[in-house]
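Report on one structure; see the data block that follows.
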Amino acid sequence: MTTILSTWKEPGRVAIEAAWQSRKAGADLRTTLEHGLTAAELDPKMIAIGLGSIPNADGELELDASMMDGRTLEAGAVCAVRGIVPVISVARRVMEKTPHVMLAADQARRFAIEEGFGPTNLMTAESCRLYSEWLANRELEKEYVHSLDKPSDTVTMLALEDGPHLVAASSTSGMAYKKPGRVGDSPIVGAGIYADDEVGAAGATGLGEELWKACASFRAVEQMRRGASPQEACDEVVAQMLRRQPRAAEMPCVVFALARDGSWGAAVTNGTFELWSCQDGQLDCRTYEATQAAAIM
Ligand code: ASP
């Protein structure tokens with residue numbers, strides 16, 4: 001049995017369908033998630049991740065991505081990369097071809113180019129239009145529109161196969177109109193993703209600063225290590241965030257987890273969250289609401 005999870009309705013569907021196609025054709029879990037995220041990164045209609053997503057306050061796309069293998073705890077990540085897609089493939093290469101975990105910004109781009117990735121203009125007509133609109137509003141209001149006012153749609157994916165063996169991966173353009181150079185939780189091992197075959201895997205999406213401070217993914221996996229179900233683990237992480245981090249209540253902060261026994265769960269601090277699942281090709285999308293985690297505070 002192969003179980004794949006993917007965040008958010010629109011980009012999550014593109015990613016999980018591509019991931020399953022790849023898995024059906026015999027891909028291992030790393031490649032399955034790489035292909036899933038690549039499909040969403042390269043789709044210019046997805047204003048979520050990669051090509052054509054929402055730029056930073058300078059009108060430039062700066063992308064973050066990460067992958068972690070639960071068998072070996074190997075991990076690779078890139079952050080604030082400009083002009084390269086798919087960044088999930090660059091993150092995987094950092095894991096497989098260097099002794100490092102993360103490469104940043106221009107030097108990550110240089111590594112990608114050395115690896116054969118071609119520099120690409122990532123802004124589409126639609127992302128330019130959205131940026132101009134944002135810029136005009138900002139000038140109109142004569143005040144800085146805080147970069148955290150609008151999240152983008154990170155795609156974070158978890159996958160499990162018999163063994164059990166798990167891989168986690170994430171790709172994002174980060175917060176919409178973020179301060180140039182800002183990096184969120186998604187490429188940070190333990191914040192945006194975590195995987196350990198001894199226990200399970202977890203991922204995050206939403207307000208990256210708060211998820212990072214909470215070490216949300218690592219904390220969910222450690223809760224499961226102590227015997228919590230994935231749902232209990234996510235509820236506990238979110239409840240603790242709501243208790244200790246006031247900003248976490250202002251915007252959706254999501255953590256979701258997949259245990260080595262194949263069960264999974266998710267929780268969100270505010271609003272609703274959609275999680276796709278695929279069990280041997282059987283697709284489902286479930287909506288999680290903030291009330292459940294708030295109730296156990
Ligand atoms: N977590 C991402 C970040 O803070 C954004 C998101 O998930 O929408 O960069």
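Order of listing sets the numbers, starting from 1, for every ligand and every atom in it. Side chains are part of it too, since the values below use all heavy atoms of this structure and drop only hydrogens, waters and symmetry mates.
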query = For ligand 1, is there an atom lying under 4.0 Å from some heavy atom of Arg182?
reply = yes
Here the atoms of ligand 1 under 4.0 Å from any heavy atom belonging to Ser186 are 1 (N), 2 (C)
Flag the pair His35 / Arg23 as yes when at least one side-chain heavy-atom distance between them is below 4.5 Å, and no otherwise.
no
Contact region, Lys178 to ligand 1, non-hydrogen atoms below 4.0 Å, reads neither
With Val238 as partner, the option from Thr269, Val268, Val254 fulfilling side-chain contact (heavy atoms from CB on, under 4.5 Å) is Thr269
Legend entry - Contact (N/O only, under 3.5 Å) between Leu207 and ligand 1: no
Does the side chain of Ile49 come within less than 4.5 Å of Leu63's, by heavy atoms?
no
Taking only non-hydrogen atoms of Asp185 and a 4.0 Å limit, the atoms of ligand 1 in range are 1 (N), 2 (C), 3 (C), 4 (O)
For residues Ser171 and Val155, determine if any side-chain heavy atom of one lies less than 4.5 Å from a side-chain heavy atom of the other. no
Under 4.0 Å from one or more heavy atoms of Thr205, ligand 1 contributes atoms 6 (C), 7 (O), 8 (O)
Margin query: Whether the side chain of Asp162 engages the backbone of Met1 through a donor-acceptor N/O pair (distance < 3.5 Å, no angle test) should be reported.
Written below: yes
Short version for Glu62: what comes under 4.0 Å of ligand 1, heavy atoms counted, is neither
| Side-chain donor-acceptor pair under 3.5 Å between Glu274 and Thr287, yes or no? | no
*Is Thr154 in polar range of ligand 1, meaning some N or O pair under 3.5 Å apart?*
yes
Here the atoms of ligand 1 under 4.0 Å from any heavy atom belonging to Gly174 are 9 (O)
With a 4.5 Å cut-off on side-chain heavy-atom distances among I, L, V, M, F, W and Y, is there a chain of contacts connecting Phe273 to Met46?
no
Polar-atom distance check: Gly184 versus ligand 1, any N or O pair below 3.5 Å?
no
